[in-house]
Amino acid sequence: MKVAVIGASGYVGAELVGLLLQHDKVSISHLVVSENSTSNGSLFSELHARWLGICDVPLQAFSKQWFEAAVDELDAVFFATPHEFSVEWAQAFIEHGVQVFDLSGGFRLKEPADYPTFYGFAHTSLRALAQAQYGLAEWLPENFTDSELVAVPGCYPTASLLSLKPVMTNQLQLADSLIVVNGISGVSGAGRNGSLATSFNEVSLRPYNILKHRHQPEISQEAGAQVIFNPHLAPFKRGLLATVTLTLNANVTAEMVDQAFVNAYQDQPLVRIKKQCPQIDDVAHTPFADIFWQYDESKQVLVVTTAIDNLLKGAASQAVQCLNAKLGLPLGYSLVGQLTVAQSTGANA
Ligand SMILES: NC(=O)C1=CN([C@@H]2O[C@H](COP(=O)(O)OP(=O)(O)OC[C@H]3O[C@@H](n4cnc5c(N)ncnc54)[C@H](OP(=O)(O)O)[C@@H]3O)[C@@H](O)[C@H]2O)C=CC1
Ligand SMILES: CC(=O)N[C@@H](CCC(=O)OP(=O)(O)O)C(=O)O
């Protein structure tokens with residue numbers, strides 16, 4: 001499969017390139033950056049030094065001319081770009097028979113009217129939006145392989161939904177009761193192009209975008225119930241943890257809760273059921289999600305915590321899982337047993 005990665009100078013794009021280099025069914029044809037990128041012409045390994053001697057390939061600038069010259073040789077394209085770029089270009093690739101994996105939020109919400117509210121722009125690619133399929137890897141829809149456009153889930157939604165799905169699909173939640181999701185992300189969640197708010201000396205653990213974060217409608221949509229989502233930014237580079245609190249139906253026992261989670265994940269190699277609360281250091285630089293739940297049967301309160309690496313399970317390695325599903329390969333193909341090594345790029349601890 002010949003693929004291009006657009007956004008290869010960014011944090012997610014770099015992780016994705018690293019994973020695709022390890023994937024023996026994939027050949028990377030183009031590493032692409034924005035039209036006016038300061039990285040245009042630089043070697044991938046000059047920007048992301050851990051790939052020195054492994055991927056010394058020049059980055060190319062995206063343009064209409066680049067698109068016309070490259071599109072017919074591609075089987076798939078990965079967008080690790082701003083949402084607006086994905087919205088503008090996905091349909092054009094689809095029309096040339098190129099499978100699109102979009103790691104931005106451009107195609108995750110099914111309701112176009114939510115885009116102005118949560119993303120700040122009106123969606124202009126409604127045909128593509130209508131056919132996009134949500135790629136939460138362990139919960140793919142039966143017809144997943146039909147779509148030419150995969151909306152790879154957001155980082156907070158990935159951790160939140162892995163916690164919520166076993167509960168919601170087994171209808172264990174008390175109808176209309178409050179669901180609260182507290183998420184904490186490291187600073188690489190904000191991307192490579194720094195701002196004062198995400199500079200090292202400025203970041204202290206604090207909530208942000210309360211009641212208006214774009215992942216609130218995404219989590220609610222895929223959980224099938226409205227959630228309150230409280231994101232927090234924390235002073236570490238990588239990793240994300242979501243703790244979900246719900247009230248369950250009066251008849252739900254601890255055994256029923258255990259069964260729901262075990263049934264969902266016992267055969268999923270990239271979701272690890274823990275015997276104690278997960279922690280970010282155990283999943284950073286890995287494609288795993290670590291999950292743990294505690295249920296107080298007397299109060300019917302369930303608390304579920306999931307930890308992931310925001311750039312991997314929250315983005316790049318989940319995109320590879322989606323690619324594997326499309327190719328009919330096991331979800332963990334090329335991922336399990338070949339973990340990325342913490343080294344020298346800016347996002348690495
Ligand atoms: N960081 C995270 O934890 C996660 C991020 N995501 C999503 O993945 C995407 C990338 O995020 P991240 O890697 O953090 O962001 P970065 O800012 O680190 O990287 C963005 C990349 O997109 C490129 N780019 C910017 N504008 C354009 C354009 N107009 N045309 C083509 N390429 C463009 C940039 O190129 P250059 O700067 O060289 O011009 C860069 O390579 C975003 O949509 C983000 O929401 C998803 C899940 C988790
Ligand atoms: C810490 C931080 O800023 N995180 C980002 C979320 C990560 C991201 O890029 O969002 P997607 O998963 O939707 O692509 C934010 O809150 O906007």
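First listed ligand is number 1; within each ligand, the first listed atom is number 1. Sequential numbering from 1 along the given sequence is applied to the chain's residues. All values below come from the heavy atoms of this structure, side chains included, with hydrogens, waters and symmetry mates left out.
- Geometrically, ligand 1 and G105 share no nitrogen or oxygen pair separated by less than 3.5 Å.
- Among R192, E15, R108, the residue whose heavy atom lies closest to atom 18 (O) of ligand 1 is R192.
- Checked by distance only, ligand 2 and H215 come closer than 3.5 Å through their nitrogen or oxygen atoms.
- Residue contacts with ligand 2 for S185 involve side-chain atoms from C-beta outward but no N, CA, C or O (heavy atoms, distance under 4.0 Å).
- For atom 42 (C) of ligand 1, the nearest non-hydrogen atom from the set T38, D102, T81, L59 comes from T81.
- With a 4.0 Å cut-off on non-hydrogen atoms, S185 does not touch ligand 1 at all.
- Each of the following atoms of ligand 1 lies closer than 4.0 Å to a heavy atom of S9: 34 (C), 35 (O), 36 (P), 37 (O), 38 (O), 40 (C), 41 (O).
- The distance from ligand 1 to the heavy atoms of P82 drops below 4.0 Å at these ligand atoms: 22 (O), 24 (N), 25 (C), 26 (N), 27 (C), 33 (C).
- Those atoms of ligand 2 with a heavy atom of G186 less than 4.0 angstrom away are 1 (C).
- The H83 neighbourhood of ligand 1 comprises atoms 43 (O), 45 (O), with distances under 4.0 Å to a heavy atom of that residue.
- Shown in contact with F85 at under 4.0 Å from a heavy atom are these atoms of ligand 1, numbered in order with element: 28 (C), 29 (N), 30 (N), 31 (C).
- Against a heavy-atom cut-off of under 4.0 Å, H213 is close to the following atoms of ligand 2: 15 (C), 16 (O), 17 (O).
- Residue G105 places no heavy atom under 4.0 Å from ligand 2.
- For atom 37 (O) of ligand 1, the nearest non-hydrogen atom from the set N193, V33, N310 belongs to N193.
- Aromatic rings from H83 and Y115 are positioned such that their centres are separated by 6.0 Å or more.
- Note that R214 lies outside the cation-pi zone of F118, set by a 6.0 Å cut-off to the ring centre and a 45° limit from the axis.
- For ligand 2, the atoms closer than 4.0 angstrom to any heavy atom of L233 are 1 (C).
- In this structure, the protein non-hydrogen atom closest to atom 23 (C) of ligand 1 is G7 CA, 3.9 Å.
- Ring pair W66/F93 is tilted by interplanar angle, where 30° to 60° counts as tilted.
- Within the structure, ligand 2 lacks S104 among the residues with a heavy atom less than 4.0 angstrom away.
- Numbered from 1 in the order shown, with element, the atoms of ligand 2 that lie under 4.0 Å from a heavy atom of G154 read 12 (O).
- Taking distance alone, with nitrogen or oxygen atoms compared against 3.5 Å, H83 stays at or beyond that limit from ligand 2.
- Heavy-atom contacts of A315 reach the following atoms of ligand 1: 47 (C), 48 (C) (cutoff under 4.0 Å).
- Heavy-atom separations between G314 and ligand 1 include at least one value shorter than 4.0 Å.
- Applying the 4.0 Å criterion to heavy atoms of L311 picks out, from ligand 1, the atoms 1 (N), 2 (C), 3 (O).
- Residue Y119 places no N or O, backbone or side chain, under 3.5 Å from any N or O of ligand 2.
- Per-residue contacts place A8 under 4.0 angstrom from the following atoms of ligand 1 (heavy atoms of the residue considered): 41 (O).
- Within 6.0 Å of CG in D24 there are more than 12 heavy atoms belonging to other residues, nucleotides or ligands.
- Between D309 and R238 a salt bridge is recorded (basic side-chain N to carboxylate O distance below 4.0 Å).
- Atoms of ligand 1 found under 4.0 Å from any heavy atom of L103, numbered from 1 in the order shown, are 6 (N), 7 (C), 8 (O), 46 (C).
- Note: F261 and W293 meet the aromatic proximity criterion, with ring centroids under 6.0 Å apart.
- The main-chain N or O of G154 is found under 3.5 Å from a side-chain atom of E218 such that the two form a donor-acceptor pair.
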Worksheet item: Could you walk me through whether K313 and E138 pass the salt bridge (charged side-chain N to carboxylate O under 4.0 Å, His left out) check?
Response: CA-CA 11 Å; K313 181 63 179 168; E138 282 74 21; 2.7 Å; yes
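- The single protein non-hydrogen atom nearest to atom 9 (O) of ligand 2 is G189 O, 3.3 Å, given as residue, atom name and distance.
- In this structure, E95 pairs ionically with R127, as a charged nitrogen and a carboxylate oxygen lie closer than 4.0 Å.
- Taking all heavy atoms of S34, P157, S63 into account, the minimum distance to atom 32 (N) of ligand 1 is reached by S34.
- Considering backbone and side-chain atoms together, E35 places no N or O closer than 3.5 Å to any N or O of ligand 1.
- The closest non-hydrogen atom to atom 14 (O) of ligand 1, taken over G191, G194, A319, comes from G191.
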